[in-house]
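Naming: A, B, ... by sequence-line order, numbering from 1 per chain.
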Protein chains: 2
Amino acid sequence: MLTRTPRGSPNKNHLLARGIMLWRCIADDFEQMILVGKYDNAERLPAESEIAARYGVNRHTVRRAMSELAVRGLVRTERGSGTFVKTDKLDYRIGERTRFSEIIAAAGHEAEGRLQGHRLEPASEEIAVRLGLKPGDDVVRLEIVRAADRVPISVATTWLDGQRFCDAAKVFRQLRSVTRTLDYYGIVGYRRKWTRISAAFADAVDAGRLRLSVHRPILVVESLDVTSDDKPVLTTRGRFAADRVALIVES
Amino acid sequence: MLTRTPRGSPNKNHLLARGIMLWRCIADDFEQMILVGKYDNAERLPAESEIAARYGVNRHTVRRAMSELAVRGLVRTERGSGTFVKTDKLDYRIGERTRFSEIIAAAGHEAEGRLQGHRLEPASEEIAVRLGLKPGDDVVRLEIVRAADRVPISVATTWLDGQRFCDAAKVFRQLRSVTRTLDYYGIVGYRRKWTRISAAFADAVDAGRLRLSVHRPILVVESLDVTSDDKPVLTTRGRFAADRVALIVES
DNA sequence: CCAAGTTGTCTAGTTTAATAGACAAGTGAT
DNA sequence: ATCACTTGTCTATTAAACTAGACAACTTGG
């Protein structure tokens, strides 16, 4: 636990946590305790006023910290009742029909996809092979952040044939779903051909987009989707916040 | 490199670096670049005004960041001339006569030792064996932070026989040197019997004391010193900031 | 010596983190 | 229904981060 000069005398702790705001220290402290298992899944945290007293800090500061934890998807707070730990993971089933929006909606959550950036670029060796193109051919690259109930779940880099889908970014921004975007291009029954799962740590950029700390683990999910007549149409490199998602593969 | 909304519109980057002060972001950014080798040892950093422009930030903010880097011992700044990277390491020779103050002074720096805490405690198995006591016997435990030119070099936990040196903490606080403290007790020619060197990462407490980031490496130096007639007198577990010190063992 | 470029210091003003206190609104148990 | 306890919201104040600009002190190279 983090300790401060209790009260009265202003903070002399330039030693500990220089340049880090108080609420952030408290938030990180609780994240640590939660992730290390000091609190169980649906357990109630101490009341804001008690935490405030414990740290020798104003309740508003604690509230700011809790709001941060909520953004990170670690707690859920209920008026009149308390703040509860939320470390259960979303089950994300990977199969032939893998659609983010559908999976989230089926689990009773609000799905959301935001295009963070896009670019037309020459296909790398790897991407070209996957999509059945020649290296150097134009491909559309989309960076999409996906969230359930406003909590970021994954960031995905998606590549499509640059000729056929040159307006993909514009279309996606309108329709806000990969499924509907492909639908716009007349592709209805696309299916997952293969999925490759590995693990890593979040880099600074992904950590920011996923609202994760840099040292948190991510599931790296590479995949290829094909049309109903088996033509490659879309390949993806997704990074899932491992603290928030579990991948389910049935066989 | 970290980027912000350049100017005019107030910071909308609550996304990146929430709860981290601006100067701290810049300092960490430069630490990263320096440690990764983007700047050579005595190389000059860009002028404060240029850095400020580059980040879209006031010069004072950059100055605060540079001051932080100076505290971390990563740069040295010269009026009228510039700010220079300082990644060369202090050579710390380990031999029969290993005295912090002497080594630092011989290298032309100002040595300093501050007692951060002390305690009378029962000897652990390990410490008892080293000091020739029985486990559970009282030992004095000192926590000392050592610095060269105000930059922390090491933090050391030192154990002494609790009966013979029960006032050691008080004496050290007066004399500010282990050598002089032992001298006070009539021990003049103590010498290093053995030294054991390993490596680890700084934990939160040591990182704070050494003004290091938590993920930085440290050299763990355990040692035993004996009197001239070969009686154990003092054993230590030191943690040296590996970014600032290199240990030299001649043979 | 001079001029250009650098860090150091000062004053002043704006924005935001953190404090302090009060009360409304909701929950849950008796 | 009520009571103790919780989170949500409001107003006001203080401390500190950040901005802005000016100028002094110093270094370096011509």
Practice task
Give a yes or no on whether the backbone of B:Ile20 and the side-chain of A:Arg24 come within a donor-acceptor separation of less than 3.5 Å.
Solution key: no
Practice task
Taking only the side-chain nitrogens and oxygens of A:Arg63, find out if one of them lies under 4.0 Å from OP1 or OP2 of D:dG8.
Solution key: yes
Practice task
Would you indicate what B:Arg44 reaches in the nucleic acid, counting non-hydrogen atoms under 4.0 angstrom: base, sugar-phosphate, or nothing?
Solution key: sugar-phosphate
Fill in the blank from the handout: Protein-proximity profile, nucleotides 25-30 of chain C, B/S/- by nucleotide at the 4.0 Å heavy-atom cutoff, equals BBS---
Exercise for the section: Could you check which of C:dA18, C:dT7, D:dT7 has an atom nearest any side-chain atom of B:Thr83? Expected result: C:dT7
Problem - From C:dA18, D:dA17, C:dT6, nucleotide with atom closest to B:Ala47 side chain - result: C:dT6
Fill in the blank from the handout: DNA chain D nearest-nucleotide lookup for A:Thr77 and A:His60: closer to the 5′ end is A:Thr77
Exercise for the section: Over 60° means perpendicular and under 30° means parallel, so classify the ring planes of A:Tyr39 and A:Phe30, tilted if in between. Expected result: parallel
Problem - Nucleotide C:dT7, atom P - distance to CZ of B:Arg76 in whole Å - result: 13 Å
Exercise for the section: For the side chain of B:Met21, starting at C-beta, report the closest nucleotide among C:dT7, C:dA18, D:dC18. Expected result: D:dC18
Practice task
Take atom CD of B:Glu48 and atom C1' of D:dA20, then tell me their distance rounded to the nearest Å.
Solution key: 16 Å
Completion exercise
Per salt bridge (charged side-chain N to carboxylate O under 4.0 Å, His left out), A:Glu48 is matched among A:Arg64, A:Arg63, A:Arg79 by A:Arg63
Practice task
Output yes when a side-chain donor or acceptor of A:Arg141 lies under 3.5 Å from a complementary backbone atom of A:Trp159, and no otherwise.
Solution key: no
Exercise for the section: Return the value, rounded to whole Å, for the distance between atom CE of B:Met66 and atom P of C:dG8. Expected result: 11 Å
Quick one: which protein N/O atoms are closer than 3.5 Å to N/O atoms of nucleotides 12-14 of chain D? Pair and distance per line, please.
none

Exercise for the section: Would you mind telling me which of C:dT19, D:dT7, D:dC18 lies closest to the side-chain atoms of B:Trp23? Expected result: D:dC18
Exercise for the section: Please confirm whether the backbone N or O of A:Asp206 pairs with a side-chain atom of A:Asp203, one donor and one acceptor, at under 3.5 Å? Expected result: yes
Problem - Phosphate OP1/OP2 of D:dA17: any B:Thr61 side-chain N/O under 4.0 Å - result: no
Handout entry: Donor-acceptor pair, side chain of A:Ser81 and main chain of A:Glu78, under 3.5 angstrom
Key = no
Practice task
Nearest-nucleotide wise, let me know which of B:Gly82 and A:Arg59 is further upstream toward the 5' end of DNA chain C.
Solution key: B:Gly82
Practice task
Take the protein atom OH of B:Tyr55 and the nucleotide atom P of D:dC18, then report the distance between them rounded to whole Å.
Solution key: 14 Å
Exercise for the section: Using whole Å, report how far CD1 of B:Ile51 lies from C1' of C:dG5. Expected result: 15 Å
Handout entry: Value in whole Å for how far the P atom of D:dT27 lies from CZ of B:Phe84
Key = 11 Å
Problem - Polar side chain donor-acceptor pair, A:Thr158 to A:Thr236, under 3.5 angstrom - result: yes
Problem - For atom CZ of A:Arg64 and atom C1' of C:dT16, their distance in whole Å - result: 11 Å
Practice task
Looking only at side-chain atoms of B:Asn58, point me to the closest of D:dG8, C:dA17, D:dT19.
Solution key: D:dT19
Handout entry: A:Ser213 side chain to A:Glu31 side chain, donor-acceptor N/O pair below 3.5 angstrom
Key = yes
Problem - Close side-chain approach of A:Phe84 and A:Glu43, heavy atoms under 4.5 Å - result: no
Problem - B:Arg239 side chain vs B:Arg237 backbone, donor-acceptor pair below 3.5 Å - result: yes
Exercise for the section: To the nearest Å, give me how far apart CD1 (B:Ile26) and C1' (D:dA17) are. Expected result: 12 Å
